[in-house]
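For the numbers below, each heavy atom of this structure counts, side chains included, while hydrogens, waters and symmetry mates do not.
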Amino acid sequence: MKYKYILKSFVALACTGALAGFTACTADDYADINTNPQTVSKPNIPYLLTSAEVAYQPFDYLMWFYNGSYASRLDQAYTPSGSFGDQFNKLGALGGEGSQFVGVKIYENDIAKAMADDKEEGSKYQNIKAMANTLSVALGIFDSDMFGPMPYSEAAQLKYGGSVTPKYDTQQELYTEWIKEINENIEVLKANAADQIQAGSNDIFYKGDVAKWLKFANGVKLRLAVRLLHADKAQAIKMAEEVGASEDNVMNGLADDCIYNKSEATDGGDNTYGTGNSVGMGATSKNVMDFMMRNRDPRLLVMFTKNDFNSEVIQAFFDAQAGGANPNCQIPKYILDNVEYTTDADGHKHFKAWKGDGEPWVRYYGVPVGINLTDNKDYTGDNNYFVSTRWQITANGATKSYYPCSGFNEEMVRGRCTYTFPTAPGGKVVQDKDPQPLYSMTISTAEMNLYLAEFKLLGANLPKTAEEYFKAGVKASVEEYNDLAQLNKIPYSDKQHCNDPYDKPVTFSDAELQSMIENLLARPEYQLTGDKASDLEKVYLQEYLHFYYQPIDQFVTARRSGVPKVGSSLIPWVDLLPNTQIPRRFYMTKPDESDKMKAQKEAAYQKEGLSFTDGQEPDILNSERIWIDKNAPAFGLGPNY
């Protein structure tokens, strides 16, 4: 049964007071037993796993619009298109992070209750229970990353007699519990007992493949381990060694990666297409773009958008300049430097070809990182990043604006977008309107191998060299982004998306991609040399780049590593403000008297040494750190192990 039919059952059950998560039946199903046909007698546990996977939502709209946007600017992955203002470190409204795990935990608890109630068959669902709990732990980590303490051990138990005011667990208690749970899940999945009932097609992620779930669970274990490094390094290294001890524990390529979509389970709803409303993180950091561009890292082609200056638009600027009606419209020098053109006797320029590597590489430019750079003449003259009136053309009765830089690629997170390709004013309108069920990526081969490279450099006893893990991680990350872009059919993902005659696609065949990866890994900035400090910085930067579409993980990486680093020749950190003024966690406002959880929140925050605030006191959000962050380096200072 598809999940869309289960949803209809849920509605009916809600009306009759039955427990959500149990499948409905018709009167005929009860013809041979003395049971009210409107009463659910037995849940279908594989369907409950489907429900848990649909509820697994670390990439909802509010995360992109609020939390992810804050995180990506605080760690300098993106910059406002008009430059940072001096209040960028103050936080506004927050999204749903902090309680995302609850949606999954409800179904995990339903599974546990159904197993306990079914004396004959209940024990045959241990694998499915382990899968659901692994998702709860993964989202628990996500929720705790920016807030610290939270309810977990007593959460989502109300309908089974639990408290309406569950205990707030300290972050140390959370990690103790999560390590215990994930180790138990790994043992269950590793054993894969012969009597276990398989999830099959009800499993959106892996179609019931227990071997892949074992790797996913070990990926969650590594997420716990890297976050523990500043709280309990010995425990963290032990956990990494346990994961790395067997190839069966580590993802190895696209077939193992958790790249999934929910289209079969959600019947065209928002979960099928990702967030319903438009989202954007800003412009790409020039420091990041310059690093990736000089190494010809193919991920930048899909992580970020092409700018609007294709050959047709450049010719339209040339024509407008020659016509004299647009004396101020200019092509920024950094773009014009990549254009080969001729000039006729009248001084009219004509586009001839792209210089250098040509399309698609010449369409990507980042925005400088700094405070109030709109007032800096270095960036507003010929090398214009900020004076948008110079990116406009009026011709054929129409005025159009064109953006010279690159930014967040929205179709990597939204399946229902309309993308308008750049054309000359008054010309044709070319759009990509086709809805595309969204594919998202969570734990992956790249993430696991980059973590193992990090642990190897920190002294863990692992079977491969740090260089081997590092290269495997970078290679996998390139393959994963290429795959995601093709699955999500982002703009320019294939030749059919190319409108301008010089346009080139941004994704590649396997043979093309492998050649690009080989060239990438031969670059000095993508090689480990045996110098521990330099090698650690390179590993952390690759984790940082890989997490561009997992912004909370990206922020956690920058927070725990101190990378990007001030003065680096790779991707330098910019001291926009003193690093004591950059929030290291999100805020919680002081609970009012009507809040049933007031006592729990106050006790938890007092125990953790945290203050309630409203996001307008960044010094507090910097100095009062959550447990896993207490001994980490300041932003931009590099690793302190």
Donor-acceptor pair, distance only, cut-off 3.5 Å: does the side chain of [X] make one with the backbone of [Y]?
X      : Y      : result
Asn482 : Val478 : no
Glu537 : Val563 : no
Lys400 : Thr423 : yes
Asp357 : Trp361 : no
Asp143 : Gln100 : yes
Arg390 : Gly381 : yes
Asn307 : Tyr403 : no

Is the ring centre of [X] less than 6.0 Å from the ring centre of [Y]?
X      : Y      : answer
Tyr379 : Tyr334 : no
Phe147 : Tyr587 : no
Tyr56  : Phe205 : yes
Trp64  : Phe408 : yes
Tyr548 : Phe304 : yes
Tyr419 : Phe421 : yes

[X] atom [atom1]: more than 12 heavy-atom contacts under 6.0 Å:
X      : atom1 : value
Lys495 : NZ    : yes
Lys286 : NZ    : no
Asn383 : CG    : yes
Lys355 : NZ    : yes
Lys207 : NZ    : yes

What verdict does the side chain to side chain donor-acceptor pair (under 3.5 Å) test give for Asn261 and Ser263, after you've listed the backbone C-alpha separation in whole Å, the side-chain angles of each residue and the deciding distance to 0.1 Å? CA-CA 6 Å; Asn261 79 82; Ser263 57; 2.6 Å; yes
For Phe351 and Glu340, what are the C-alpha separation, side-chain angles and deciding distance, and is it a side-chain contact (heavy atoms from CB on, under 4.5 Å)? CA-CA 6 Å; Phe351 182 95; Glu340 184 178 345; over 6 Å; no
Which label fits Trp573 and Phe635: parallel for a plane angle under 30°, tilted from 30 to 60°, or perpendicular past 60°?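 Trp573 and Phe635: parallel rings.
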Closest non-hydrogen atom pair between [X] and [Y], with its separation:
X      : Y      : result
Gln527 : Ala522 : NE2-O, 3.0 Å
Gln581 : Asn89  : O-ND2, 2.9 Å
Glu525 : Asn295 : OE1-ND2, 2.6 Å

Polar side chain donor-acceptor pair, Asn328 to Gln392, under 3.5 angstrom: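 Their side chains do not contain a donor-acceptor pair, so the 3.5 Å distance test is not met.
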For Asp553 and His546, which I'm curious about, is there any donor-acceptor pair between the side chains at under 3.5 Å? no
Verdict with reasoning, His350 to Thr342, per side chain to side chain donor-acceptor pair (under 3.5 Å): CA-CA 5 Å; His350 300 275; Thr342 59; 5.6 Å; no
Under the side-chain contact (heavy atoms from CB on, under 4.5 Å) rule, what do Tyr439 and Tyr260 come out as? Steps first, then yes or no, please. CA-CA 5 Å; Tyr439 284 80; Tyr260 62 95; 5.9 Å; no
Arg363 and Asp503 ion-paired at < 4.0 Å: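 Yes, charged N to carboxylate O under 4.0 Å.
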Passing option when Tyr364 is tested against Thr305, Val506, Thr284 for side-chain contact (heavy atoms from CB on, under 4.5 Å):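 The side-chain contact (heavy atoms from CB on, under 4.5 Å) with Tyr364 is passed solely by Val506 among Thr305, Val506, Thr284.
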Stepwise side chain to side chain donor-acceptor pair (under 3.5 Å) test for Asp257 and Thr445: CA-CA 6 Å; Asp257 294 333; Thr445 299; 2.7 Å; yes
For Glu53 and Lys262, run salt bridge (Lys or Arg N to Asp or Glu O under 4.0 Å): C-alpha distance rounded to whole Å, both residues' side-chain angles, the deciding distance at 0.1 Å, then the answer. CA-CA 9 Å; Glu53 291 176 336; Lys262 303 176 181 180; over 6 Å; no
